[in-house]
Amino acid sequence: MARQALPLIDNSYYTIIIRLNSITASLSQAQQAHAHILKTGLSNHTYITTKLLSLYANRLHFSDARLVLDSIPEPDVFSFSTLISACSKFHHFGNALSLFCRMLSRGIFPDNFVIPSALKACAGLSALHTGQQVHGLASISGFASDSFVQSSLVQLYIKCGKIGDAHQVFDRMDHPNVVSWSAIVAGYARQGYIDKAKKLFDEMRGSGVEPNPVSWNGMIAGFNHSGFRSEAVAMLQKMHVQGFKPDGTSISSVLPAVGDLEDLEMGLQIHGYVIKHGLASDKCVISALVDTYGKCGCTLEMSQVFDEMTQIDLGSCNALVAGLSRNGLVDDALRVFRQFESQDMELNVVSWTSVISCCAQNGKDVEALELFREMQVAGVKPNSVTIPCLLPACANIAALMLGKAAHCFSLRRGISCDVYVGSALIDMYAKCGRIGDAWQCFDRMPTRNLVCWNAIMGGYAMHGKAKEAMELFHTMQKSGQKPDFITFTCVLSACSQNGLTEEGWYYFNSMSQLHGIEARVEHYACMITLLSRAGKLEEAYHMIREMPSKPDACVWGALLSSCRVHNNLSLGEVAAKELFELEPNNPGNYVLLSNIYATKGMWKEVDRVRDMMKMLGLRKNPGCSWIEVKNKVYTLLAGDKSHPQMTQIIERLTILSWEMKKSGYFPNTDFVLQDVEEQDKEQILCGHSEKLAIGFGLLNTRPGSPLRVIKNLRICGDCHAVIKFISNFEGREIFVRDTNRFHHFKDGGCLIATLDAKGLSHWTVCAEHTMESKQNYCRVNLKMSRLTSTKEKSKTPLFPVLQTIRIVMDGELEMLKTRVSF
DNA sequence: ATAGGGTTAG
């Protein structure tokens with residue numbers, strides 16, 4: 001489209017151009033000029049209007065720019081290009097592409113300036129397919145050999161992970177300049193092709209193009225990104241040796257690698273370099289330093305770097321929160337976070353995700369969900385990192401509905417294919433008893449990494465589906481994915497739950513022989529469980545003795561649990577003695593031992609264990625009876641003895657107890673009552689013991705409907721027997737999960753299977769705890785929540801959901817209170 | 001008028 005001829009003499013025309021050119025910052029100047037242009041009728045001049053459009057666009061006033069563009073009677077490629085490139089420049093990629101399409105649809109032919117802008121937008125959106133179409137367009141338009149176009153194509157393909165395609169374009173370039181060289185080299189480094197990257201780096205020099213600091217930094221960042229940490233550090237050293245001065249970017253690219261390597265020495269050296277070269281004013285360098293010290297466990301140095309910072313920077317604040325959380329200083333992390341919040345800092349998605357992840361990783365599941373709600377209220381949008389941080393919290397408290405909402409959110413945001421999101425979803429569904437949904441998530445993933453495979457295998461193992469887990473193990477290998485030690489933990493735990501001794505041994509041995517993976521404590525724990533469940537207690541004990549590393553609580557716990565099942569006193573005492581050392585505050589161990597004594601009628605010893613617990617301040621009552629359970633219920637309900645269900649509950653418990661005794665369960669001992677804090681009445685009521693919870697569940701669900709018990713605790717022998725008995729007696733399926741401790745989980749009789757989804761109200765008994773903070777068990781909180789019926793579900797909005805969920809949860813408590821008011 | 005490198009959350 002030819003531009004309009006300039007008027008010969010038109011003062012206002014030149015005046016306005018001079019004026020437009022002189023506008024530097026102020027938007028109001030642009031608006032004034034705009035008004036003037038409209039007034040003088042100069043808006044027909046494409047050159048002027050395009051200039052104006054550029055003013056608006058480069059001040060991020062896209063809507064005004066768009067208005068101007070639309071007002072141009074015959075816009076040319078230059079007008080469109082101006083706006084499209086501004087959109088791309090400021091990351092408004094969607095706008096850029098829609099404008100590009102509009103341009104094409106108006107029959108305006110693209111030029112070699114607009115195509116790179118469009119390609120940049122495609123790269124920004126990782127829109128490979130659209131990018132390929134633009135590539136095609138560039139080819140038929142004869143711009144495929146334009147070096148800017150080629151360079152943009154290289155960028156696009158690298159961004160979309162198509163390094164091969166990027167290289168093809170690159171190869172066709174006549175004389176790639178340092179920019180293109182750097183891009184392709186960084187692309188290879190980022191994808192983890194370190195040898196290829198190094199080779200190209202040398203080739204670049206060979207072809208007479210000298211790398212500049214950007215080229216070096218690209219390599220360092222690329223290596224770091226693909227997990228080649230030592231390579232990244234080595235690259236920095238090489239850069240330094242060869243006389244290139246590492247700048248702030250080099251330092252902030254290499255520091256994460258230094259932190260991951262926990263190479264404090266290197267960190268200190270780099271810190272020295274930073275001070276010496278005046279890089280301490282660089283925000284990224286500071287936040288990376290905070291992060292590095294945090295990763296090296298130097299919280300003092302970390303705080304020092306943070307405090308010395310002259311200007312507060314969000315990145316460093318986030319790094320500080322993460323560093324505190326990483327070093328177990330959860331309360332400090334939360335306090336610091338709240339402090340930043342109260343200072344009116346513009347917290348971003350990283351800030352919120354850090355603190356959510358901090359809670360979720362430290363047993364504060366409910367807090368994590370509450371923070372997620374606050375995040376939504378604050379108007380910060382969760383992303384593909386937030387969701388996998390949140391999902392474990394959902395899984396731990398079996399908040400299936402919220403987990404599903406997070407799933408819907410991921411689908412809508414198009415992040416459900418992300419390997420982290422997908423793996424977290426698989427895990428969440430599996431832990432909420434929905435192995436079918438977990439499988440669907442897995443099945444629909446377009447790309448899977450090891451984490452995904454492990455998640456689904458772990459899920460099947462958790463559900464006692466050993467056959468499926470083993471099949472997946474082989475499918476995975478066929479697909480070329482190599483197993484790691486977690487894979488073997490999943491497979492072995494699947495075997496151990498199903499008594500597959502032979503298979504267990506096979507996988508255990510093949511681990512080091514075929515895959516070069518040394519057996520860790522958790523693998524031994526699986527084998528110990530497998531052997532001891534099969535009654536081969538001596539063999540299990542022998543294996544513990546032969547273990548290369550020090551057996552941990554899981555190992556001894558597996559033995560003790562089975563000793564309780566088989567009532568093997570001598571080995572039980574050995575295991576208990578070890579456990580009392582390793583986990584002096586875990587009441588379950590004392591209970592298991594005292595149960596063995598009780599079975600043998602050794603009441604003196606039972607008393608001795610009781611005394612030990614009393615001395616340690618462990619509020620547990622080993623070997624207490626159903627009578628005591630009943631008394632407990634009375635005490636709890638003291639405020640309202642006339643509750644309509646009270647009598648029924650007591651009756652039910654009495655009948656069950658009687659029937660159990662009659663059927664020969666527990667000839668000598670009675671049930672274990674899980675003791676909890678008096679002040680948390682609803683918690684006591686909800687999860688005082690599996691037996692109570694199941695009792696309530698039996699009472700409040702339709703006969704025959706499945707129940708599930710979700711526990712994060714080691715389930716001791718008696719509880720197993722209760723569950724086993726009730727499932728037979730009531731003809732109900734009772735699903736039990738013991739998070740993260742597959743090998744302690746499930747005795748022969750406990751079924752684990754999928755819950756039905758017929759909209760029945762299920763009771764979910766959640767024991768929330770898990771944190772074994774290094775050595776000791778923390779306090780155990782038991783919780784109960786109810787999964788809503790299908791009807792209720794449909795009323796619940798998806799996202800943002802937490803507010804609703806909270807209300808539902810509180811509502812549940814209300815409901816509980818009215819049912820069994822306390 | 002267009003182009004390559006950075007921190008913090010999994």
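Keep in mind it's a predicted model, so treat the numbers as computed, not measured. Residue numbering restarts at 1 for every chain, and letters A, B, ... go by the order of the sequence lines.
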With a cut-off of less than 4.0 Å, is there a side-chain N or O of A:Gln361 near OP1 or OP2 of B:dA9? no
Length of the line joining A:Leu347:CG and B:dA9:P, which is rounded to integer Å: 16 Å
Taking only the side-chain heavy atoms of A:Val178 (C-beta and beyond), determine which of B:dA9, B:dT8, B:dG4 contains the nearest atom. B:dG4
Check the distance between B:dA9's P and A:Leu334's CG and give it to me in whole angstrom. 16 Å
Would you indicate what A:Ser117 reaches in the nucleic acid, counting non-hydrogen atoms under 4.0 angstrom: base, sugar-phosphate, or nothing? nothing
Closest to side chain of A:Ser151, choosing from B:dA3, B:dT7, B:dG10: B:dA3
Whole-Å distance between B:dG4 C1' and A:Ile163 CD1? 13 Å
At under 4.0 Å between heavy atoms, what does A:Val254 touch on the DNA or RNA strands: base, sugar-phosphate, or nothing? nothing
According to the side chain to side chain donor-acceptor pair (under 3.5 Å) rule, which pairs have a member within residues 112-121 of chain A, sequence neighbours left out? A:Asn112-A:Asp146
What orientation do A:Phe340 and A:Phe306 show, parallel under 30°, tilted 30 to 60°, or perpendicular over 60°? tilted
Ranking B:dG6, B:dA1, B:dA9 by distance to the side chain of A:Thr249, first place goes to B:dG6
Report the nucleotide, chosen from B:dG4, B:dA9, B:dT7, that has the shortest atom-to-atom distance to any side-chain atom of A:Ala183. B:dG4
Counting side-chain heavy atoms from C-beta on, which of B:dA1, B:dG4, B:dT8 comes nearest to A:Val350? B:dT8
Would you say A:Ile158 and A:Gln191 make side-chain contact, with heavy atoms under 4.5 Å? no
The side chain of A:Val179 is closest to which nucleotide in this list: B:dT8, B:dG10, B:dG4? B:dG4
Answer with base, sugar-phosphate or nothing: what part of the nucleic acid does A:Asn348 contact at a heavy-atom distance below 4.0 Å? nothing
Could you work out which one of B:dG4, B:dG10, B:dA9 sits closest to the side chain of A:Asp291? B:dA9
Is the gap between the ring centers of A:Trp453 and A:Phe442 under 6.0 Å? yes
Within the 4.0 Å heavy-atom criterion, would you say A:Ser384 contacts the bases, only the backbone, or no part of the nucleic acid? base
In whole Å, I'd like the distance from the CZ atom of A:Phe223 to the P atom of B:dG6. 14 Å
Indicate, with a heavy-atom threshold strictly under 4.0 Å, whether A:Ser215 touches base, sugar-phosphate, or nothing. base
Mind calculating the distance between CG (A:Leu279) and C1' (B:dT7) to the nearest angstrom? 14 Å
Looking at B:dG6, does its base get a donor-acceptor pair with the side chain of A:Ser252 below 3.5 Å? yes
Looking at B:dA9, I'd like to know if its phosphate oxygens (OP1 or OP2) sit under 4.0 Å from a side-chain N or O belonging to A:Arg326. yes
Verify the ring-centre separation between A:Phe337 and A:Trp352: is it less than 6.0 angstrom? yes
Measure the shortest side-chain to side-chain distance between A:Phe223 and A:Met219 over non-hydrogen atoms and say whether it is less than 4.5 angstrom. yes
Given atom NZ of A:Lys295 and atom P of B:dT7, what is their separation to the nearest angstrom? 10 Å
Given B:dG6, B:dA1, B:dG10, which nucleotide is nearest the side-chain atoms of A:Phe78? B:dA1
Sugar-phosphate, base or nothing in reach of A:Ala186, heavy atoms under 4.0 Å: nothing
Is the distance between the ring centroids of A:His91 and A:Phe93 under 6.0 Å? yes
Check whether any side-chain nitrogen or oxygen of A:Ser357 sits under 4.0 Å from OP1 or OP2 of B:dG10, and answer yes or no. yes
Using a distance-only criterion (donor-acceptor N/O pair, under 3.5 Å, no hydrogens), is the base of B:dG4 paired with the side chain of A:Asn212? yes
Is there a side-chain contact between A:His277 and A:Lys245, using heavy atoms and a 4.5 Å cut-off? yes
Per A:Val385 side chain, nearest of listed nucleotides B:dG6, B:dT8, B:dG10: B:dG10
Got a donor-acceptor pair under 3.5 Å from the side chain of A:Asn177 to the base of B:dG4? no
With a non-hydrogen cut-off below 4.0 angstrom, is A:Ser81 in contact with a base, only sugar-phosphate, or nothing? base
Value in whole Å for how far the C1' atom of B:dG4 lies from CG of A:Asp247: 13 Å
With a 4.0 Å cut-off on heavy atoms, is A:Asp313 in touch with a base, just the backbone sugar-phosphate, or nothing at all? nothing
Using whole Å, what does the distance between atom C1' of nucleotide B:dT7 and atom CG of A:Asp282 come to? 9 Å
Using a heavy-atom cut-off of 4.0 Å across all strands, would you classify A:Asp418 as base, sugar-phosphate, or nothing? base
Is the base of B:dT8 touched by the side chain of A:Ser287 through a donor-acceptor pair closer than 3.5 angstrom? no
Tell me what A:Gly323 touches on the nucleic acid: a base, only sugar-phosphate, or nothing, going by heavy atoms under 4.0 Å. nothing
When you measure from the side-chain N and O atoms of A:Arg190 to the phosphate of B:dG4, is any distance below 4.0 Å, counting only OP1 and OP2? no
